[in-house]
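Down below is the structure, laid out as structure tokens.
Quantities reported herein were computed from a predicted structural model and do not represent experimental measurements.
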Amino acid sequence: MTDLTASSESAPRDQYTHGHHESVLRSHTWRTVANSAAYLIPELAAGGVLLDVGCGPGTITVDLARRLAPGRVVGLDASSEIVERAAGLAADEGVHNAQFQVGNVYALDFPDASFDIVHAHQVMQHLARPVAAMAEIRRVLRPGGVFAARDVDYGGVMIAPVIDALTEWMRVYREVHYWNGGDPDAGRSLKAWALAAGFTSVTSSASMWCFASDAEREWWGESWAVRVTESSFAAHAIEAGVAELADLKRMAAAWRVWVRDPNGWFGMPHGEILARA
């Protein structure tokens, strides 16, 4: 039987695969509670206090803050640049019950039992020690509080039509993700990790992103056509020795072929958990 925690907990690196290139943020700023955290909506009671770990540019965080008002939401990210951007979004949107700060998920700068909810979207897949991170998250949850996590499972990603260079993109993506210390198939392991971290009640669910319309293909495919050659992913792929620049350029061209194909379809399955101590 495969140990779902051992490989991730012993990974030598702990680095974000995508970085914060504009092509990456283009996809992150699309995210809302409705399209990325619908499973959490029943837990969002007005007045609650929530920590959003790995908040990125803050679109989900701001949405959560609106739903929890007059409660308080704290967005946490490792990048000071992204924290500044998220704070600017909240100010522009007139959302005053959200604050943002730089922090480390392995050593949260909050007292025990500080939050009703801790939310992490697409975070655990990028961590070398997800169980340790979840244990630290459990520490800052109040009794009866809930940890909500959602992560993609690249082992189940579906792309149509079959394009050789996109098949190669998937192989390279997975290798880069593992090289950076993460787990591209994290969605299926969230439950096991949460139980290993000491959560005693874990409810699991799954949902999908699907990009198939002309507008969706344009948005998703063009984002990756740029990301595959210009973001941190490209640098990591070359440094890891799993692709050369010429390979990445072929992948970028393949994404644009996919964008133009009216039969194009892309499905991304996600694992989700609501875990309680």
Got a second to check how far [X]'s [atom1] is from [Y]'s [atom2], nearest 0.5 Å?
| X | Y | atom1 | atom2 | answer |
| --- | --- | --- | --- | --- |
| D153 | L190 | CG | CG | 9.0 Å |
| T61 | L50 | OG1 | CG | 8.5 Å |
| T59 | R31 | OG1 | CZ | 7.5 Å |
| D52 | I117 | CG | CD1 | 10.5 Å |
| M124 | S189 | CE | OG | 12.5 Å |
| W30 | E216 | CH2 | CD | 8.0 Å |

Sub-4.5 Å side-chain heavy-atom contact between [X] and [Y]:
| X | Y | value |
| --- | --- | --- |
| W255 | L166 | yes |
| W209 | S36 | yes |
| L76 | V83 | no |
| Y39 | S207 | no |
| H270 | D151 | no |
| V172 | E168 | yes |
| V74 | F110 | yes |
| L141 | F199 | yes |

Grab the two heavy atoms, one from [X] and one from [Y], that are nearest each other, plus how far apart they are.
| X | Y | value |
| --- | --- | --- |
| V228 | A234 | O-CB, 3.3 Å |
| W258 | A160 | NE1-O, 3.0 Å |
| N97 | G71 | ND2-O, 2.8 Å |
| P161 | D261 | CG-OD2, 3.3 Å |
| G75 | C55 | C-SG, 3.7 Å |
| R188 | G156 | NH2-N, 4.3 Å |

Query - Reference residue L68; test side-chain contact (heavy atoms from CB on, under 4.5 Å); the match among V73, V49, D63 - result: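 Only one of V73, V49, D63 forms a side-chain contact (heavy atoms from CB on, under 4.5 Å) with L68, namely V73.
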Query raised in the report: Just one of R142, E43, R72 clears the side-chain contact (heavy atoms from CB on, under 4.5 Å) bar with D116, so which one?
Result: R142
Sidechain-backbone polar pair: [X] side chain, [Y] backbone, donor-acceptor under 3.5 Å:
| X | Y | answer |
| --- | --- | --- |
| R138 | A197 | yes |
| E136 | L108 | yes |
| D77 | I82 | no |

Report task. Tell me, please, whether Y106 has R129 positioned over its six-membered ring: NZ or CZ under 6.0 Å from the ring centre and within 45 degrees of its axis? Result -> yes
Report task. May I ask you to say whether R217 pairs ionically with E222, meaning some side-chain N is under 4.0 Å from a carboxylate O? Result -> no
Query raised in the report: Would you call D185-R174 a salt bridge at under 4.0 Å N-O?
Result: yes
Report summary line: From the list W220, Y154, W219, ring pair (Phe, Tyr, Trp, His ring centres under 6.0 Å) partner of F266 resolves to W220
Starting from [Y], can I reach [X] by hopping between I/L/V/M/F/W/Y residues whose side chains sit under 4.5 Å apart?
| X | Y | answer |
| --- | --- | --- |
| M208 | Y173 | no |
| V62 | V53 | no |
| W265 | V259 | no |
| I41 | L64 | yes |
| L51 | F100 | no |

Requested in this report: Would you sort out whether I238 and E244 count as a side-chain contact (heavy atoms from CB on, under 4.5 Å), showing the intermediate values?
Outcome: CA-CA 6 Å; I238 293 169; E244 297 180 354; 5.8 Å; no
Query raised in the report: Given H126 and H177, is the side-chain contact (heavy atoms from CB on, under 4.5 Å) satisfied, shown in steps?
Result: CA-CA 8 Å; H126 296 294; H177 204 138; 3.7 Å; yes
Would you say [X] has more than 12 foreign heavy atoms packed within less than 6.0 Å of its [atom1]?
| X | atom1 | value |
| --- | --- | --- |
| D164 | CG | no |
| N35 | CG | yes |
| E84 | CD | no |

Requested in this report: Under the side-chain contact (heavy atoms from CB on, under 4.5 Å) rule, what do I163 and V257 come out as? Steps first, then yes or no, please.
Outcome: CA-CA 9 Å; I163 301 174; V257 169; 4.2 Å; yes
Query raised in the report: Is the W224 to W169 ring centre distance short of 6.0 Å?
Result: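 Yes, ring centres under 6.0 Å apart.
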Query raised in the report: Passes side-chain contact (heavy atoms from CB on, under 4.5 Å), Y178 versus D183? Steps please.
Result: CA-CA 6 Å; Y178 282 125; D183 183 349; 3.9 Å; yes
**Report entry** Step-by-step salt bridge (Lys or Arg N to Asp or Glu O under 4.0 Å) determination, E175 to R171
**Finding:** CA-CA 6 Å; E175 292 192 23; R171 181 192 66 78; 2.6 Å; yes
